[in-house]
Amino acid sequence: KTDAETWETRYVLLLWLYMIIMIPFDLSRLDGSHDHTYLRMIDQVVEISKIYLGVADKSSDAAVLLCARLLSRPDVQKLKLTEFLDWAFDKLCNTNESTMQGMSILACILKT
């Protein structure tokens with residue numbers, strides 16, 4: 001997460017996930033008909049996005065794109081948008097805005 005030498009790899013992998021999320025059909029089709037697998041995949045992508053929203057490198061920009069695109073999908077909005085907004089509100093309320101990391105987290109959440 002914080003290895004400065006591999007930020008390029010993280011950035012490209014997050015952009016790759018972003019490209020996958022852009023498919024024009026329901027994401028459940030990626031996993032077949034297994035609802036629990038589909039929900040687990042969405043949960044994992046949301047959690048990965050949350051992790052990288054708080055880093056102080058270019059990966060946070062890719063995480064913003066990934067998170068915004070994922071949560072704006074109609075098939076994901078009804079499942080995860082409220083949960084993400086609750087998490088973001090909690091982060092906004094509990095972030096120390098006097099530190100650089102706190103300001104970075106605030107900026108990234110507001111970008112999404």
Side-chain angles (χ1 to χ4, degrees):
K1 175 180 164 180
T2 59
D3 184 7
E5 295 177 6
T6 61
W7 71 266
E8 296 97 344
T9 304
R10 290 191 308 271
Y11 180 73
V12 170
L13 289 174
L14 288 166
L15 287 179
W16 179 74
L17 276 174
Y18 170 76
M19 296 300 288
I20 291 173
I21 296 302
M22 291 180 62
I23 60 174
F25 47 84
D26 198 297
L27 289 177
S28 63
R29 295 182 74 187
L30 288 177
D31 286 327
S33 62
H34 305 304
D35 288 337
H36 67 282
T37 306
Y38 162 66
L39 292 174
R40 192 173 68 221
M41 179 196 63
I42 291 174
D43 286 337
Q44 289 172 340
V45 173
V46 169
E47 289 306 312
I48 288 168
S49 298
K50 287 178 183 178
I51 289 168
Y52 290 106
L53 284 174
V55 298
D57 60 29
K58 195 72 174 159
S59 300
S60 65
D61 292 344
V64 167
L65 288 173
L66 174 60
C67 201
R69 179 64 181 126
L70 178 67
L71 295 170
S72 65
R73 292 180 58 91
D75 57 328
V76 177
Q77 275 182 351
K78 59 187 171 193
L79 298 172
K80 294 295 173 186
L81 184 59
T82 304
E83 181 182 322
F84 179 81
L85 291 175
D86 290 342
W87 172 84
F89 183 72
D90 183 57
K91 280 290 192 185
L92 287 172
C93 291
N94 296 318
T95 298
N96 183 358
E97 66 277 349
S98 64
T99 66
M100 188 62 178
Q101 182 182 14
M103 291 305 292
S104 175
I105 291 171
L106 288 174
C108 286
I109 288 174
L110 293 173
K111 282 181 195 177
T112 57

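In this text, all values refer to a predicted model and were calculated from it rather than measured experimentally.
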- Straight-line distance of S60 OG to W7 CH2, nearest 0.5 Å: 10.5 Å
- Could you walk me through whether V76 and F84 pass the side-chain contact (heavy atoms from CB on, under 4.5 Å) check? CA-CA 11 Å; V76 177; F84 179 81; over 6 Å; no
- Query: What residues, two or more places apart in sequence or in another chain, satisfy salt bridge (charged side-chain N to carboxylate O under 4.0 Å, His left out) together with K50?
  - Reply: E47
- So how far is it from L14 CG to M19 CE, rounded to the nearest 0.5 Å? 13.5 Å
- For Y11 and K58, the nearest pair of non-hydrogen atoms, with its separation, is CD1-O, 3.3 Å
- Task: With rounding to the nearest 0.5 Å, note down the distance linking CD1 in I21 to OG in S72.
- Result: 10.0 Å
- Task: For R73, check salt bridge (charged side-chain N to carboxylate O under 4.0 Å, His left out) against everything at least two apart and list the hits.
- Result: D75
- For L85, check side-chain contact (heavy atoms from CB on, under 4.5 Å) against everything at least two apart and list the hits. L81
- Query: What's the shortest heavy-atom distance between Q77 and L71, and which atoms?
  - Reply: CG-O, 2.9 Å
- Heavy-atom pair of closest approach, residues L70 and I42: CD2-O, 4.3 Å
- Message: Which residues pass the side-chain hydrogen bond (donor to acceptor under 3.5 Å, both in side chains) test with Q44, not counting sequence neighbours?
- Response: none
- Item | side chain to side chain contact (heavy atoms under 4.5 Å, CB included), paired with L66, selected from I20, L15, L17 | L17
- Message: Once side-chain contact (heavy atoms from CB on, under 4.5 Å) is applied, do any residues pair with L13, and if so which ones, sequence neighbours excluded?
- Response: T9
- Can you list the residues that meet the side-chain hydrogen bond (donor to acceptor under 3.5 Å, both in side chains) rule with D86, with sequence neighbours excluded? none
